[in-house]
Protein chains: 2
Amino acid sequence: MSLRHAMLGLLTAGPASGYDLLKVFEISLNHVWPATQSQVYAELNRLAGAGLVKAAAEGPRGRKEYAITETGIAELRHWLTEVEPQRTHRFEALLRVFFLSELEPEQARTYLERQATAAEEDHAGLLELRESVSQGDDPLSLYGNIALEWGLRFTAMQREWADWAAERVASLNGLPAHPTAAAPPGGSPPSGAPPADPQADAPPAGRPA
Amino acid sequence: MSLRHAMLGLLTAGPASGYDLLKVFEISLNHVWPATQSQVYAELNRLAGAGLVKAAAEGPRGRKEYAITETGIAELRHWLTEVEPQRTHRFEALLRVFFLSELEPEQARTYLERQATAAEEDHAGLLELRESVSQGDDPLSLYGNIALEWGLRFTAMQREWADWAAERVASLNGLPAHPTAAAPPGGSPPSGAPPADPQADAPPAGRPA
DNA sequence: ATCTTACCTTCCTATGTTGACATGTCGCTA
DNA sequence: TAGCGACATGTCAACATAGGAAGGTAAGAT
């Protein structure tokens, strides 16, 4: 039940309405723990029923603000410290890789290259995000920055892996080499984007001691 | 509906029963796309109803083998090439990071250190897996290797990030430095484990061009 | 000969998740 | 002042996921 705790966590920053929380989910939590409107409102009512949050104020258009209670904070802390995080994840993009042998090698390479592009776009988006919040008057909190850093490293890793994999598929199938990533339509090379892997044959992951 | 396609994908390797598929999910697909028994059997029936697989044989103990049909293969290819992979993921371990400010810095560091340990264990498990399959008579298929490489890079990244984050939390809160990872109980340093980040202040992710 | 351990499927309940639909309010502006 | 867009909540049906109970069969070990 992570949704519940995500909402409790958001409410520690101050009272908010379902609508407010929804915005946060859409904007900043979307790639970490997506939630829909129906989930948020329903969970808010359950949370209130369980005494973990309480209605704090009523606003203009039927707006209802909720605040986290002491019980709610205790529950959040308990979750953070005592409950084991779930270890299994679902990676649809990776699942597909297992079955890429059903396609022609060139199609497989196309798929991997698309993954690389997508990862690079995500990476660029996060870099922008970092800039925009750094310029605000108060710097992102420590933990916000740590989470952002995770995103940067993850997207960089994805990009490098997909590039490596695409090249491997190509070279093992005698496909013509691609012109080392067609220059982006913008013109000058974007700085801050993770560079492609230098060599394609030696995976750098399981490093020697 | 990725479960459906995962099952189709597995059936391209040859006919199998629900039980067989279940084993594959438990053993090799568990960290990519977990599935339960109730899901697998139910989906198999739906798949058969939709003509994407067909009952191929009846075995000893009520065992029913299914084989993928032409329609099924076409559907799998369609999914691989035409359907956009889902871009949003749920990372519970990362979600928690957003709310770590609710804890004492030392507790937050403990959490991050546990993440680092878990990532290292996962990494070690994958290295073992790679050894065990490399020693088998036929090498893992190209795409199996590519997926495995993803896992190795992912766990290495997680480990490095968590180490970095734990140190950052400590240093920004004046916590005593830990003795650079207590020596593992085994004795000699394990080779193959990803090394800790050299310096703790300069995140290497958003590399300059 | 019996016992245990896999093998193998079906059914059930509870919970989580999605997407759509329904409903209404307030503030701005053409 | 009419209309539009943002604000704001609620409900519903369908599907996905988790976990377990129940039931039975075959093979191998003691």
Q: Find the distance Glu58(A):CD to dT25(C):P and express it as a whole number of Å.
A: 15 Å
Q. Any side-chain donor-acceptor pair under 3.5 Å between Trp150(B) and Gln158(A)?
A. yes
**Q.** Residue whose closest nucleotide on DNA chain C lies nearer the 5' end, Lys23(B) versus Pro60(A)
**A.** Lys23(B)
Q: Give the rounded distance in Å between these two atoms: CG of Leu44(A) and P of dT11(D).
A: 13 Å
Q. Once you round it to whole Å, what is the distance between P of dT9(C) and OH of Tyr66(B)?
A. 7 Å
Q.
Expressed as a whole number of angstroms, how long is the span from Met1(B):CE to dT17(D):P?
A. 11 Å
Q) At under 4.0 Å, does any side-chain N or O of Gln39(B) touch on OP1 or OP2 of dA16(D)? A) no
**Q.** Phosphate OP1/OP2 of dT10(C): any Lys64(B) side-chain N/O under 4.0 Å
**A.** yes
Q) Rounding to a whole Å, what distance do you find between Asn45(B):CG and dC12(C):P? A) 14 Å
Q) Side chain of Ser17(B): nearest nucleotide among dA16(D), dT9(D), dT9(C)? A) dT9(C)
Q: Starting at atom OH of Tyr41(A), determine the distance to atom C1' of dG19(C), rounded to an integer number of angstrom.
A: 16 Å
**Q.** Electrostatic pair Arg109(B)-Glu106(B), nearest N-O below 4.0 angstrom
**A.** no
Q: State whether the number of non-hydrogen atoms from other residues, nucleotides or ligands found under 6.0 Å of Glu26(B) atom CD is greater than 12.
A: yes
Could you go over nucleotides 20-24 of chain D and give all protein N or O partners under 3.5 Å, atom names and distances?
{"residue": "dG20(D)", "atom": "O6", "partner": "Gln37(B)", "partner atom": "OE1", "Å": "2.6"}
{"residue": "dA21(D)", "atom": "N6", "partner": "Gln37(B)", "partner atom": "NE2", "Å": "3.1"}

Q. Where the side chain of Thr36(A) is concerned, which of dC8(C), dT18(C), dA18(D) is the nearest nucleotide?
A. dT18(C)
**Q.** d(CG, Leu22(B); C1', dG19(D)) in whole Å
**A.** 13 Å
Q) Taking atom C1' of dA18(D) as reference, at what distance in whole Å does atom CD of Glu26(B) sit? A) 14 Å
(Q) Would you say that more than 12 heavy atoms from the other residues, nucleotides or ligands in this model lie under 6.0 Å from the CZ of Arg63(B), or not? (A) yes
Q: Consider the side chain of Arg46(B), meaning its heavy atoms from C-beta on, and name the nucleotide among dA16(D), dC8(C), dG10(D) that approaches it most closely.
A: dA16(D)
Q.
The side chain of Tyr19(A) is closest to which nucleotide in this list: dT9(C), dT17(D), dA6(D)?
A. dA6(D)
**Q.** Glu43(A)/Arg4(A) ion pair, N-O < 4.0 Å
**A.** yes
Q | Considering all heavy atoms, the nearest Glu92(B)-Pro85(A) contact | A | OE2-CA, 3.4 Å
(Q) What contact category does Arg4(B) fall into here, base, sugar-phosphate, or nothing, at under 4.0 angstrom with non-hydrogen atoms? (A) nothing
Q | Aromatic plane relationship, His89(B) with Phe91(A) - under 30° parallel, 30 to 60° tilted, over 60° perpendicular | A | tilted
Q. Any side-chain N or O of Arg63(A) less than 4.0 Å from the OP1 or OP2 oxygen of dC26(C)?
A. no
